[in-house]
Every structure is written in structure tokens, then in C-alpha cells.
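First comes the structure, then the notes that go with it.
Along the sequence shown, residues are numbered consecutively beginning with 1. Computed from a prediction, not measured in an experiment: that's the story for all the values here.
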Amino acid sequence: MTMRTTFLMQTFVLKRKRLIPGDRQVSPTSSGAMKRAEAIAVRIPGTAALQIVGDDETGELEGAIILGRYDEVPDDFAESLQAA
């Protein structure tokens with residue numbers, strides 16, 4: 001069982017007046033994910049920087065942490081991460 005930590009930036013776009021997840025990009029570091037999310041947030045409705053910990057062999061998620069939220073992010077985004 002090998003645990004792996006992944007940092008990523010998740011975008012959010014407006015579709016039918018609702019924020020929905022858009023593209024995501026993996027980053028090698030937490031600060032890189034936060035900087036990328038902050039920079040992209042000026043061009044789109046919102047972004048979030050995330051830290052995902054999961055088992056590399058089985059693919060099971062151990063946990064997800066929101067490192068930063070920039071501009072508009074859905075209110076239920078944190079709850080949806082915990083349910084995943």
C-alpha cells in the first residue's frame with residue numbers, strides 16, 4: 001500500500017447560471033497549485049487548489065483538502081470532496 005499525494009488546480013465555469021467543474025491541472029507542489037489557481041481565476045469564474053491523498057495501488061482516496069479558493073467556488077464543493 002503506497003500512499004501518494006497529488007496537488008491540483010480545479011477550475012469552475014458557468015453553465016446555465018450554475019458553477020460546474022471545468023478543467024483540472026496537476027501541479028508538483030502545493031504552492032504551485034495555489035499560484036496557478038490564483039492566476040487563472042482572473043480569467044474565469046473561479047478556481048480551487050486541492051491536495052488529494054490516495055492509495056497508488058488500489059486508487060482509493062484517503063482524503064482531499066482544499067488549499068485555496070479563488071473567486072467563485074460552489075458552496076457544496078467541500079462536501080462533494082468528502083463524499084468522493
Side-chain angles (χ1 to χ4, degrees):
M1 181 157 126
T2 305
M3 300 306 280
R4 170 177 254 164
T5 301
T6 304
F7 303 101
L8 59 95
M9 182 272 314
Q10 173 71 59
T11 64
F12 295 94
V13 295
L14 281 173
K15 187 170 185 178
R16 296 183 183 172
K17 298 182 183 181
R18 289 189 47 147
L19 285 172
I20 61 167
D23 296 331
R24 62 180 83 106
Q25 297 176 356
V26 176
S27 182
T29 64
S30 62
S31 61
M34 292 190 314
K35 286 178 184 177
R36 185 175 289 165
E38 188 174 11
I40 291 176
V42 298
R43 297 188 307 250
I44 61 173
T47 59
L50 306 168
Q51 174 182 318
I52 309 290
V53 179
D55 187 332
D56 205 22
E57 295 172 8
T58 65
E60 290 184 34
L61 293 181
E62 180 75 18
I65 299 170
I66 299 174
L67 301 172
R69 304 172 106 179
Y70 304 93
D71 290 332
E72 295 184 48
V73 175
D75 295 332
D76 62 348
F77 181 60
E79 291 84 27
S80 68
L81 287 176
Q82 299 305 322

Closest approach of Phe7 to Pro28 (non-hydrogen atoms, all atoms of both residues): CD1-O, 3.8 Å

OG (Ser31) and CD (Glu38) are apart, to the nearest 0.5 Å, by 12.0 Å

Rounded distance [0.5 Å steps], CE in Met9 versus CE in Met34: 13.5 Å

Quick one: are Asp23 and Phe12 in side-chain contact, heavy atoms under 4.5 Å? no

Taking the side chain as every heavy atom from C-beta outward, state whether Ile20 and Val13 have any pair of such atoms under 4.5 Å apart. yes

Gap between atom CD of Gln51 and atom OG of Ser27 - 0.5 Å precision: 12.0 Å

Working to the nearest 0.5 angstrom, can you tell me the gap between Ile40 CD1 and Gln10 CD? 11.0 Å

For the atom pair CD (Glu60) and CG (Asp55), what is the distance rounded to the nearest 0.5 Å? 6.5 Å

Just do the side-chain contact (heavy atoms from CB on, under 4.5 Å) check on Phe77 and Arg69 with the steps written out, would you? CA-CA 10 Å; Phe77 181 60; Arg69 304 172 106 179; 4.1 Å; yes

Would you name the heavy atoms of Met3 and Val53 that are closest together and state the gap between them? CE-CG1, 3.9 Å

Measuring only between side-chain heavy atoms, which start at C-beta, is Leu50 closer than 4.5 Å to Leu67? no

Flag the pair Leu19 / Leu14 as yes when at least one side-chain heavy-atom distance between them is below 4.5 Å, and no otherwise. yes

Taking atom CG of Asp76 as the centre, report whether more than 12 heavy atoms of other residues, nucleotides or ligands fall under 6.0 Å from it. yes

Spacing of Thr47 atom OG1 and Leu8 atom CG [to the nearest 0.5 Å]: 11.5 Å

